[in-house]
Amino acid sequence: MTAVESRPAGTLEHSGHRPTGARVKAFIELTKPRIIELLLMTTIPVMFLAAQGVPDLWLVVITCLGGYLSAGGANALNMYIDRDIDALMHRTQRRPVVTGMVSPRECLVFGISLAVASTLMFGLLVNWLSAALSLGALLFYVVVYTMLLKRRTSQNIVWGGIAGCLPVFIGWSAVTNELSWAAVILFLVMFFWTPPHYWPLSMKVTEDYKRVGVPMLPAVAGNVVVANQIVVYSWVMVAVSLLLWPLGYVGWLYPLVAVLAGGLWLWEAHALRARARAGLTGAKLKEMRLFHWSITYVSLVFAAVAVDPFVR
């Protein structure tokens with residue numbers, strides 16, 4: 001594991017008085033709400049598909065709350081473990097543990113508490129399969145990705161991204177108490193989506209990763225290599241997304257949206273590769289175009305997953 005010298009967390013600016021309101025906001029920031037929004041964006045539509053209509057709304061609420069607590073716990077524990085490199089990266093040096101608004105010990109206790117609470121909530125109010133999947137996602141993100149892969153291999157986000165795919169299984173199992181091939185297909189869509197979603201952002205902040213010795217692919221390979229990988233994953237993702245239709249899980253709406261959204265994704269991916277091959281860098285590379293579109297793509301495709309049962 002790469003050793004990184006950093007300024008001690010908790011000594012930058014808030015070692016004195018810490019206002020209650022700011023502290024509450026800091027604990028919320030530990031959960032990374034914007035990332036969790038994306039996870040719930042995949043969980044809820046899958047519940048509609050599993051129910052082939054409107055699922056029990058109380059179940060949706062509990063699943064979302066449990067999912068938030070679980071993912072929030074994982075994110076807090078991630079910040080506890082990565083506090084050394086977070087202090088050195090421009091993108092993360094305002095995180096609560098780095099600034100001292102939350103101490104490392106508080107962050108650790110908070111993360112563990114959320115993990116326990118979410119597991120019990122799923123087990124007692126949803127089902128124990130969903131509880132196991134939720135806990136598995138948390139442990140995979142914290143142990144496999146953050147502790148084992150992130151600082152060791154350029155394939156970190158490829159395999160570590162599995163944690164972000166598991167909400168699909170959680171949403172399906174919450175409704176059915178089992179899994180199906182439909183859930184597997186949507187899991188794979190997210191698996192192949194994650195690298196080409198995250199690598200463009202990594203291309204923009206490559207110097208941050210180089211500074212702390214984290215081998216994100218853009219930090220150890222050229223832009224052309226990264227762009228080629230993005231194109232390969234993108235084609236596989238779009239192809240996998242279309243499998244729901246021939247297997248009979250969806251009607252006409254979903255494949256229509258998947259083809260249109262996937263086509264636009266492939267256009268952006270190939271355009272990024274063309275700019276990389278032309279030697280463009282900096283603002284001219286426009287790598288964030290694909291990053292932003294990737295979020296829109298997931299929103300559209302999973303919205304179609306939720307709506308499709310009503311128009312079949």
Side-chain angles (χ1 to χ4, degrees), residues 1-9 12 29-30 32 34-35 38 71 74-99 104 107 140-165 190-234 268-269 272-273 275-277 279-295:
M1 182 176 292
T2 305
V4 178
E5 291 186 11
S6 71
R7 295 161 292 185
L12 296 186
E29 289 176 2
L30 288 178
K32 301 182 184 177
R34 294 188 66 182
I35 292 178
L38 187 60
N75 290 330
L77 292 172
N78 168 269
M79 288 195 198
Y80 170 79
I81 295 167
D82 278 351
R83 63 192 186 277
D84 59 335
I85 61 176
D86 281 350
L88 299 177
M89 295 177 65
H90 294 306
R91 188 170 64 90
T92 57
Q93 61 187 197
R94 302 294 301 176
R95 286 179 172 174
V97 179
V98 177
T99 63
C107 181
F140 198 96
Y141 183 69
V142 173
V143 178
V144 177
Y145 172 66
T146 305
M147 298 179 68
L148 299 179
L149 296 178
K150 184 173 182 178
R151 306 193 195 195
R152 287 185 169 90
T153 172
S154 62
Q155 295 298 297
N156 46 23
I157 200 64
V158 175
W159 301 107
I162 289 175
C165 306
M190 294 305 298
F191 176 80
F192 291 110
W193 171 87
T194 301
H197 158 71
Y198 195 79
W199 281 334
L201 175 61
S202 300
M203 294 170 80
K204 184 175 181 63
V205 296
T206 296
E207 293 305 315
D208 261 356
Y209 287 117
K210 288 181 178 179
R211 184 181 303 113
V212 298
V214 172
M216 287 292 176
L217 185 62
V220 297
N223 286 341
V224 174
V225 173
V226 178
N228 285 336
Q229 289 290 304
I230 286 174
V231 167
V232 171
Y233 275 92
S234 298
E268 288 290 348
L272 175 59
R273 184 172 69 172
R275 292 191 293 271
R277 286 179 170 179
L280 300 181
T281 59
K284 293 182 179 180
L285 186 59
K286 299 179 182 179
E287 68 282 340
M288 292 300 286
R289 283 174 58 97
L290 182 59
F291 173 79
H292 292 306
W293 173 250
S294 69
I295 298 173

Student: Report all side-chain donor-acceptor pairs from residues 280-289 shorter than 3.5 Å, counting only partners two or more places apart or in another chain.
Tutor:
from: R289; atom 1: NE; to: E268; atom 2: OE1; distance (Å): 3.3
from: R289; atom 1: NH2; to: E268; atom 2: OE2; distance (Å): 2.7

Student: Residues two or more places apart in sequence or in another chain: which of them pass side-chain contact (heavy atoms from CB on, under 4.5 Å) with I81?
Tutor: V142, T146, M147
Student: So Y141 and N75, do their side chains get closer than 4.5 Å, heavy atoms only?
Tutor: yes
Student: Rounded to the nearest 0.5 Å, how far does CG of N156 lie from OH of Y209?
Tutor: 8.5 Å
Student: Hey, can you pull the donor-acceptor pairs under 3.5 Å for the side chains in residues 216-234, sequence neighbours left out?
Tutor:
from: N228; atom 1: ND2; to: V224; atom 2: O; distance (Å): 3.3
from: S234; atom 1: OG; to: I230; atom 2: O; distance (Å): 2.6
from: S234; atom 1: OG; to: W265; atom 2: NE1; distance (Å): 2.5

Student: Is the closest side-chain heavy-atom distance between E207 and H90 below 4.5 Å?
Tutor: no
Student: Excluding sequence neighbours, so at least two apart, what forms side chain to side chain donor-acceptor pair (under 3.5 Å) with S202?
Tutor: none
Student: Which value, rounded to the nearest 0.5 Å, describes the distance between I157 atom CD1 and Y198 atom OH?
Tutor: 6.0 Å
Student: From L290 CG over to H292 NE2, what is the distance, rounded to the nearest 0.5 angstrom?
Tutor: 10.5 Å
Student: Without swapping roles, check the side chain of R83 against the backbone of M79 for a donor-acceptor pair under 3.5 Å.
Tutor: no
Student: Minimum heavy-atom separation for C165 and T194, please, with both atom names.
Tutor: SG-OG1, 4.4 Å
Student: Output all residues satisfying side chain to side chain donor-acceptor pair (under 3.5 Å) with K150, sequence neighbours left out; order by chain, then residue number.
Tutor: D82
Student: Just so I know, are the side chains of K32 and N78 near enough to count as touching, which here means a heavy-atom distance under 4.5 Å?
Tutor: yes
Student: Answer yes or no: is there a side-chain heavy-atom contact under 4.5 Å between V98 and T92?
Tutor: no
Student: Quick check: do V97 and L30 have side-chain heavy atoms less than 4.5 Å from each other?
Tutor: yes
Student: Looking at side-chain heavy atoms only, is the closest gap between W199 and V158 below 4.5 Å?
Tutor: yes
Student: Kindly write out the residues that satisfy side chain to side chain donor-acceptor pair (under 3.5 Å) with Y145, not counting sequence neighbours, or none if the list is empty.
Tutor: none
Student: Salt bridge between D208 and R91, side-chain N to carboxylate O under 4.0 Å?
Tutor: no
Student: What about W159 and F191, are their ring centers closer than 6.0 Å?
Tutor: yes
Student: Could you go step by step and tell me if R151 and D84 meet the salt bridge (charged side-chain N to carboxylate O under 4.0 Å, His left out) rule?
Tutor: CA-CA 12 Å; R151 306 193 195 195; D84 59 335; 2.9 Å; yes
Student: Answer whether the closest heavy-atom distance between the side chains of I295 and H197 falls below 4.5 Å.
Tutor: yes
